[in-house]
Amino acid sequence: GWGAETKIAVVDMSRLVRSHAETPSADALLEKQVDEFQAEQKDMEAEFDKLKKAFEEARKEATNKALSEAAREEKMQAAEDKLTDVRDYDRKMRETLGSRQKQLSDQSLRMRKRIVERIKDSVKDHAAKKGFALVLDTAALSVSGVEIVLYSADTLDITDDMLKIVAKDKPAAKDAKEAKAPETKE
């Protein structure tokens, strides 16, 4: 039969990714960038609130009955200018924050993908050495959110073997150089 000569294994990729040597530094870098993003967002929101308050004060001045009609019209124009400033800043803030959010998301995906690719290479090498024709990820979910691997015997699980192999996987010197900022020549 088909199953008798085909060796199959399963592995928990989520455990491998969490235990990979590069994961803590990748997570720390992303956390730092999220903190910077949140600080930038807070600053932008404070500036937005300041502009909104200036508009509200200008609008209030424009309705002051003690002022002449001409002065009120002048104040109304100033209030309209401030409202334009508020709307412009609101649009700029949303664009900037949306762009930064996308950059963070893209970077997170790139970093995870690089780690996952390294792990997949290790799994492929191990599978080839051990004669496995198929290795399935027990952490994978289907489109409907159900585990793809519904059952596997413990004897098929190579996660512990892969954890030992992945623990030895340190970034190569080439990767470390790529991570650093490019040097400028004078």
Taking the basic N atoms (NZ, or NE/NH1/NH2) and the acidic carboxylate oxygens, is any pair closer than 4.0 Å for [X] and [Y]?
X: Lys129; Y: Asp125; value: no
X: Glu56; Y: Lys60; value: no
X: Asp88; Y: Arg91; value: yes
X: Arg15; Y: Asp160; value: yes
X: Glu117; Y: Arg114; value: no
X: Arg94; Y: Asp90; value: yes

Can you tell me how far [atom2] of [Y] sits from [atom1] of [X], rounded to the nearest 0.5 angstrom?
X: Thr159; Y: Asp137; atom1: OG1; atom2: CG; result: 8.5 Å
X: Ser99; Y: Asp106; atom1: OG; atom2: CG; result: 9.5 Å
X: Glu61; Y: Glu57; atom1: CD; atom2: CD; result: 7.0 Å
X: Arg118; Y: His20; atom1: CZ; atom2: NE2; result: 5.0 Å
X: Asp12; Y: Thr138; atom1: CG; atom2: OG1; result: 4.0 Å
X: Ser108; Y: Gln33; atom1: OG; atom2: CD; result: 10.0 Å

Among Val123, Val116, Asp121, exactly one meets side-chain contact (heavy atoms from CB on, under 4.5 Å) together with Ile119. Which residue is that?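 When side-chain contact (heavy atoms from CB on, under 4.5 Å) is applied between Ile119 and each of Val123, Val116, Asp121, only Val123 qualifies.
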Under 4.5 Å between any side-chain heavy atoms of [X] and [Y], yes or no?
X: Arg87; Y: Leu83; answer: yes
X: Arg112; Y: Asp27; answer: yes
X: Ile115; Y: Thr23; answer: yes
X: Leu163; Y: Leu16; answer: yes

Grouping I, L, V, M, F, W and Y whenever their side-chain heavy atoms are under 4.5 Å apart, do [X] and [Y] come out in a common cluster?
X: Leu29; Y: Phe37; answer: no
X: Val166; Y: Leu136; answer: no
X: Tyr151; Y: Ile148; answer: no
X: Val17; Y: Ile165; answer: yes
X: Met13; Y: Met111; answer: no

Tell me if a side-chain donor or acceptor on Arg72 pairs with a main-chain N or O of Leu67 at a distance below 3.5 Å.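 Checked: pair present.
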Where the side chain of Thr96 meets the backbone of Met93, is there a donor-acceptor pair that is under 3.5 Å apart?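 Here the side-chain-to-backbone pair does not exist.
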What's the verdict on salt bridge (Lys or Arg N to Asp or Glu O under 4.0 Å) for Lys53 and Asp49, showing C-alpha distance, side-chain angles and the deciding distance? CA-CA 6 Å; Lys53 190 174 180 183; Asp49 289 343; over 6 Å; no
Do you know which two heavy atoms are closest between Tyr89 and Phe48, and how far apart they sit?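 What the structure gives for the nearest pair is CE2-N, 3.7 Å.
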Kindly give the heavy-atom pair with the smallest separation between Lys82 and Ala58, and that separation in Å.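 In this case the closest contact between Lys82 and Ala58 is CD-CB, 3.8 Å.
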For the CD atom on Gln107, are there more than 12 heavy atoms of other groups (residues, nucleotides or ligands in this structure) within a distance under 6.0 Å?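 For Gln107, atom CD is crowded (more than 12 foreign heavy atoms under 6.0 Å).
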Please work out which of the three classes, parallel, tilted or perpendicular, describes the rings of His126 and Phe132, given edges at 30° and 60°.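 The arrangement is tilted - the two ring planes meet at 30° to 60°.
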Please step through side chain to side chain contact (heavy atoms under 4.5 Å, CB included) for the pair Gln101 and Ser105, ending with a clear verdict. CA-CA 6 Å; Gln101 190 92 43; Ser105 178; 5.8 Å; no
Glu47 and Asp43: CA distance, side-chain angles, deciding distance, side chain to side chain contact (heavy atoms under 4.5 Å, CB included) verdict: CA-CA 6 Å; Glu47 179 64 22; Asp43 291 346; over 6 Å; no
